[in-house]
There are 2 protein chains.
Amino acid sequence: MPRRSGEHAQLRLTADLVILTIRKDVLNILLIKRGNDPFPGSWALPGGFVSRDEPVDRTALRELEEETGIAGEALHLEQVRTYGAPDRDPRGRVVTVAYLGIAPDLPEPQPGTDATHAAWTPADRVLEGKLKLAFDHRTIVEDAVERARSKLEYTSLATAFCTEPFTIADLRRVYEAVWGETLDPGNFSRKVTKTDGFVEPTGDHRVGETGRPPLLYRRGKAVTLYPPILRTRIGGSGSTA
Amino acid sequence: MPRRSGEHAQLRLTADLVILTIRKDVLNILLIKRGNDPFPGSWALPGGFVSRDEPVDRTALRELEEETGIAGEALHLEQVRTYGAPDRDPRGRVVTVAYLGIAPDLPEPQPGTDATHAAWTPADRVLEGKLKLAFDHRTIVEDAVERARSKLEYTSLATAFCTEPFTIADLRRVYEAVWGETLDPGNFSRKVTKTDGFVEPTGDHRVGETGRPPLLYRRGKAVTLYPPILRTRIGGSGSTA
DNA sequence: TCAAAAGTGTTGTGAATACACCCATGG
DNA sequence: CCATGGGTGTATTCACAACACTTTTGA
């Protein structure tokens, strides 16, 4: 199938990561400050080049650890999509595979290779354009966050934000932070505990905080939720992409 | 960020296409019979190498036309995901970006470059393993078909299978073919016509067939459907991936 | 007149919302 | 005893599945 071999040799492949977590009830994203060309000093997603014979998924985990010191254990990681516009990188033809990672609240990241800083940043600062990112990383963030938002509806992804054991209110705060809307605590509790396989009670209560001690849960076996937990569409005409 | 330049030079990128259509109320997929190494004589997805400075999306359309004679006009095309296992291609490191295409019933494909045959094939023959495909193309087909099945639920994707103008029954047969289940005609009709922006009446009827002449519709403006048209989950425990 | 297909009416069931209210703890 | 957050009760609204039934054509 190749036409002339020279036509393909210049292309390089990277993996970039959108790592999301909830910090103080706010959706945060892991960013690094670039140390090298291009865009030195700019904020960007962690990521880097795929090595020969390295699965792309492993590139993602390796770069995450190299640039931020965060290990991929206990991290939900899934591919979002691939960005292949010819002019997206000034270094030449660089195609990137974007990943979405979901983490429970993690320690401060430690900058490593190619990064002078690594920090959790409220996702809204990127989505609202107040913080500019290098390359087409803002688009990647938008797509990844929308993926997370919609997967909260029909999968058990929200539990990946929680450290076990967690309470129903912990889970509700995940939905509220990711969707940016408040939910009725009572109705949410019922819906979650009645959705087969979403969460399993441990039998214990969480103590030490004010208010009635909540029951503790761990992740259930279900991957997809039926019925789904739908966002409230305003207007309902549904012309959103 | 590159370590040694030699580490990246060997990687090549392809675009592969899962083109779906409905033929005689059955979900069909467009396959080619390979003319070249590797796997000559095997059935496979249409696709080919990304050229220098060519957007990956354009590669997909170009290869589709080159190998099957089908033009990308009036074709819904979206990326599914990227497959990057190091050993997925015996020629070396070849990473592929898979696309899902949805087409209304099209003429017979004409084999072109690198393909000795091109044909519509019932998707079940591939999904049930009765027809073996080259590379990891069966996995790609499974993922693409599952994407189509779930997007029928919460988007207006089904209309991409229909030639305008179409009837509600045409649309119902799309759902039935893709989901592999029968739907109640009356309830389906109500649901579709009441879902804001899904279809718009043209005012005309289709004549010449037996039975009461159905109203004709064109695609509405909505991209997402609310409320969604959900598949009937049996058992409901939702442990599917 | 009959078969076939389209589309409406009707009814019972289940789920979602809004919100009142009770529970169990820390201060 | 009060504030705080967790959780249940309940009425209303809404959506859906099942299926009877009417409509309108071709044969």
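A quick note: this is a predicted structure, and the numbers were derived from the prediction, not measured. Every chain is numbered from 1 and lettered A, B, ... according to where its sequence line falls, protein lines coming before strand lines.
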Pairing residues for E146(A) by the salt bridge (Lys or Arg N to Asp or Glu O under 4.0 Å) criterion, not counting sequence neighbours: R231(A)
Atom-pair distance (CG on L216(A); C1' on dG7(D)), nearest Å: 14 Å
By side chain to side chain contact (heavy atoms under 4.5 Å, CB included) - contacts of R23(B) (at least two apart): T21(B), N28(B), D105(B), E108(B), W120(B)
Over all atoms of both residues, closest heavy-atom pair of Y83(A) and A98(A): CE1-CB, 3.7 Å
Sub-4.0 Å heavy-atom contacts from residues 169-178 of chain A onto DNA chain C, ordered by number: none
Atom-pair distance (CG on D196(A); C1' on dA15(C)), nearest Å: 16 Å
Angle between terminal axes - the helix from dT1(C)-dA27(D) to dG27(C)-dC1(D), 5 pairs each end, rounded to 10°: 0°
Any pair counted as side-chain hydrogen bond (donor to acceptor under 3.5 Å, both in side chains), so long as it reaches residues 154-167 of chain A, sequence neighbours left out: E164(A)-R219(A), T167(A)-D170(A)
Partner residues of E128(B) under the side chain to side chain contact (heavy atoms under 4.5 Å, CB included) criterion, sequence neighbours left out: D124(B), K130(B)
Sugar-phosphate, base or nothing in reach of L215(A), heavy atoms under 4.0 Å: sugar-phosphate
Gap between atoms CZ and P, on F188(B) and dC16(D) respectively (whole Å): 12 Å
Those residues that, when tested against R138(B), pass salt bridge (Lys or Arg N to Asp or Glu O under 4.0 Å) (two or more places apart): E142(B)
Nearest-Å distance for atom pair NZ/P, residues K194(B) and dA17(D): 14 Å
By side chain to side chain contact (heavy atoms under 4.5 Å, CB included) - contacts of E209(B) (at least two apart): R206(B)
Contact state string [nucleotides 19-27 of chain C, B base, S sugar-phosphate only, - no protein heavy atom under 4.0 Å]: B---BBBS-
Qualifying residues under salt bridge (Lys or Arg N to Asp or Glu O under 4.0 Å), relative to R81(A), sequence neighbours excluded: none
Length of the line joining Y226(B):OH and dC14(D):P, which is rounded to integer Å: 12 Å
Atom pair distance, as rounded to whole Å: CD1 in I168(B) and C1' in dT8(C): 14 Å
Salt bridge (Lys or Arg N to Asp or Glu O under 4.0 Å) partners for K151(B), two or more places apart: E78(B)
Per P214(A) side chain, nearest of listed nucleotides dA17(D), dA6(C), dG7(D): dG7(D)
Spacing between I229(A) atom CD1 and dT17(C) atom P, to the nearest angstrom: 10 Å
Nearest atoms (heavy-atom pairs only) where T68(B) meets P46(B): CG2-CB, 4.3 Å
Partner residues of W179(A) under the ring pair (Phe, Tyr, Trp, His ring centres under 6.0 Å) criterion, sequence neighbours left out: Y175(A)
dT17(C) OP1/OP2 closer than 4.0 Å to side-chain N/O of K191(A): yes
Protein-nucleotide distance (L225(A), atom CG; dA16(C), atom C1'), rounded to Å: 16 Å
